[in-house]
Amino acid sequence: MERIAVFPGSFDPITKGHETIITRAIPLFDKIIVAIGVNAEKPGFFPVEKRLQWLKDVFAKHPSVEVDSYTGLTVEYCKQKNAGFILRGLRTSADFEFERSIGQVNKKMYPSIETIFLLTTPEHTALTSSIVRDIIRHNGDITPFVPEEVKF
Ligand code: ADP
C-alpha cells in the first residue's frame, strides 16, 4: 500500500520552517499532499490561490509532493485521498499541547490514521507565519524567513 501523508496547514504564507519539514519528510512517504485547510469564516491574509501557487513553485522539483486545498475535517480529507498519515511539525511545548489534542481526537475519529511529528530544526523554532505577516504589514524584509519563491 502506498504511504500517503497529508501535511495540513494554513501556509499563509509558507515559511522556511514548513519547507524544511516537508523536505525532510520526502524520503519517508511515497506521496505528501501539502493541503491548505480553507475556512470560509477565516479568509486569511493571502488568497488561497496565491498560497497554492507558492507551494507549487517551492516543490516544483519534487514529483512526490502534491499541493491542494480542502474544506471540512482533515480526517475526512485524508480518507478521500487514501492517506494513512498526517504530518505535522513541532516547534515548542505549546505546539505539543495543541497537537496532542488534535492528534488524539483525529485518532478517535479515524483510528487507522497516524499523526507523524517531525521536530523543527533549531534555527526555525521561532518562525511562524503570523510573525512573517507582521513583518509584511510593517514593510520589513521577509527574505530570511520564506522560500525564495514567495514573492508578491
Ligand atoms: P496552523 O494553520 O495549524 O497554524 P501552520 O499553517 O502555521 O499551522 O503550520 C502547519 C504545520 O507546520 C504545523 O504542524 C506547524 O507546527 C508546522 N510549522 C509551522 N511553522 C513551523 C516551523 N517554523 N518549523 C517547523 N514546523 C512548523
Side-chain angles (χ1 to χ4, degrees), residues 3-29 31-59 62 64-78 80-81 83-110 113-137 140-152:
R3 283 165 307 152
I4 302 174
V6 168
F7 186 29
S10 316
F11 308 104
D12 191 18
I14 180 173
T15 67
K16 286 190 178 174
H18 299 126
E19 182 187 22
T20 308
I21 295 284
I22 296 162
T23 306
R24 285 165 55 207
I26 287 173
L28 306 179
F29 300 102
K31 180 156 88 182
I32 299 174
I33 306 171
V34 184
I36 299 179
V38 179
N39 177 345
E41 279 157 31
K42 286 197 210 157
F45 187 74
F46 289 108
V48 174
E49 295 68 34
K50 190 154 208 160
R51 290 184 249 159
L52 281 170
Q53 191 58 53
W54 284 328
L55 289 169
K56 282 181 191 152
D57 293 345
V58 172
F59 297 104
H62 295 283
S64 68
V65 179
E66 279 181 18
V67 168
D68 194 12
S69 64
Y70 68 99
T71 53
L73 291 175
T74 302
V75 285
E76 292 299 332
Y77 177 73
C78 290
Q80 261 177 42
K81 295 285 172 183
F85 304 92
I86 295 175
L87 174 66
R88 298 287 285 177
L90 277 184
R91 286 163 292 191
T92 59
S93 53
D95 269 359
F96 171 77
E97 284 305 329
F98 179 73
E99 296 293 343
R100 183 181 55 78
S101 55
I102 298 181
Q104 288 175 338
V105 169
N106 282 341
K107 183 90 181 146
K108 188 88 183 164
M109 288 193 287
Y110 185 8
I113 204 160
E114 291 293 352
T115 305
I116 306 290
F117 299 101
L118 291 187
L119 288 178
T120 197
T121 39
E123 66 271 30
H124 295 131
T125 301
L127 186 50
T128 69
S129 294
S130 83
I131 289 179
V132 170
R133 293 195 296 273
D134 267 349
I135 298 172
I136 294 168
R137 283 190 197 97
D141 177 17
I142 59 164
T143 52
F145 310 117
V146 298
E148 60 185 31
E149 291 81 359
V150 176
K151 292 194 181 85
F152 45 92

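Since this is a predicted model, take the numbers as computed values, not measurements. Remember, it's 1-based here, ligands and their atoms both numbered in the order they're listed.
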N or O pair under 3.5 Å between [X] and ligand 1:
X	value
His18	yes
Leu90	no
Ile21	no
Ser129	no
Thr15	no
Phe11	yes

Distance to 0.1 Å, residue and atom name: give those for the protein heavy atom nearest to [atom].
atom	result
atom 24 (N) of ligand 1	Thr120 OG1, 2.7 Å
atom 20 (N) of ligand 1	Arg91 NH1, 3.1 Å
atom 6 (O) of ligand 1	Ser10 N, 2.6 Å
atom 15 (C) of ligand 1	Gly89 O, 3.7 Å
atom 3 (O) of ligand 1	Arg88 NH2, 3.1 Å

Give the atom numbers and elements of ligand 1 that come within less than 4.0 Å of a heavy atom of Pro8.
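Those qualifying, in numeric order: 10 (C).
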Number the atoms of ligand 1 from 1 as they appear, then name those within less than 4.0 Å of a heavy atom of Leu127, with their elements.
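Numbered from 1, ligand 1 contributes 20 (N), 22 (C), 23 (N).
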Name the orientation class of the two ring planes belonging to His18 and Phe7 (parallel below 30°, tilted from 30 to 60°, perpendicular beyond 60°).
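Answer is perpendicular, since the angle exceeds 60°.
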Once you round to the nearest 0.5 Å, how far does OH of Tyr77 lie from OG of Ser69?
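These two atoms lie 7.5 Å from each other.
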Once rounded to the nearest 0.5 Å, what's the spacing between atom CD of Glu149 and atom CG of Leu55?
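Going from CD on Glu149 over to CG on Leu55, the span is 10.5 Å.
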Is a side-chain N or O of Ser93 found less than 3.5 angstrom from the main chain of Phe96, in a donor-acceptor match?
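No; zero donor-acceptor contacts below 3.5 Å.
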Ser129 side-chain N/O to Phe11 backbone N/O, donor-acceptor pair under 3.5 Å:
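The answer is no, because no donor-acceptor pair under 3.5 Å joins these two groups.
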Looking at Glu97 and Arg100, is any side-chain nitrogen of the basic one under 4.0 Å from a carboxylate oxygen of the acidic one?
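Salt bridge flag = yes for Glu97 with Arg100.
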Using heavy atoms and a 4.0 Å limit, tell me yes or no: is [X] in contact with ligand 1?
X	value
Asp95	yes
Glu99	yes
Phe7	yes
Ser130	no

Compare all side-chain heavy atoms of [X] with those of [Y] and state whether any distance is below 4.5 angstrom.
X	Y	value
Thr120	Thr20	no
Leu127	Val132	yes
Ile116	Phe29	yes
Arg88	Thr115	yes

Taking CD in Glu148 as the centre, count heavy atoms belonging to other residues, nucleotides or ligands within less than 6.0 Å. Is the count above 12?
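Open.
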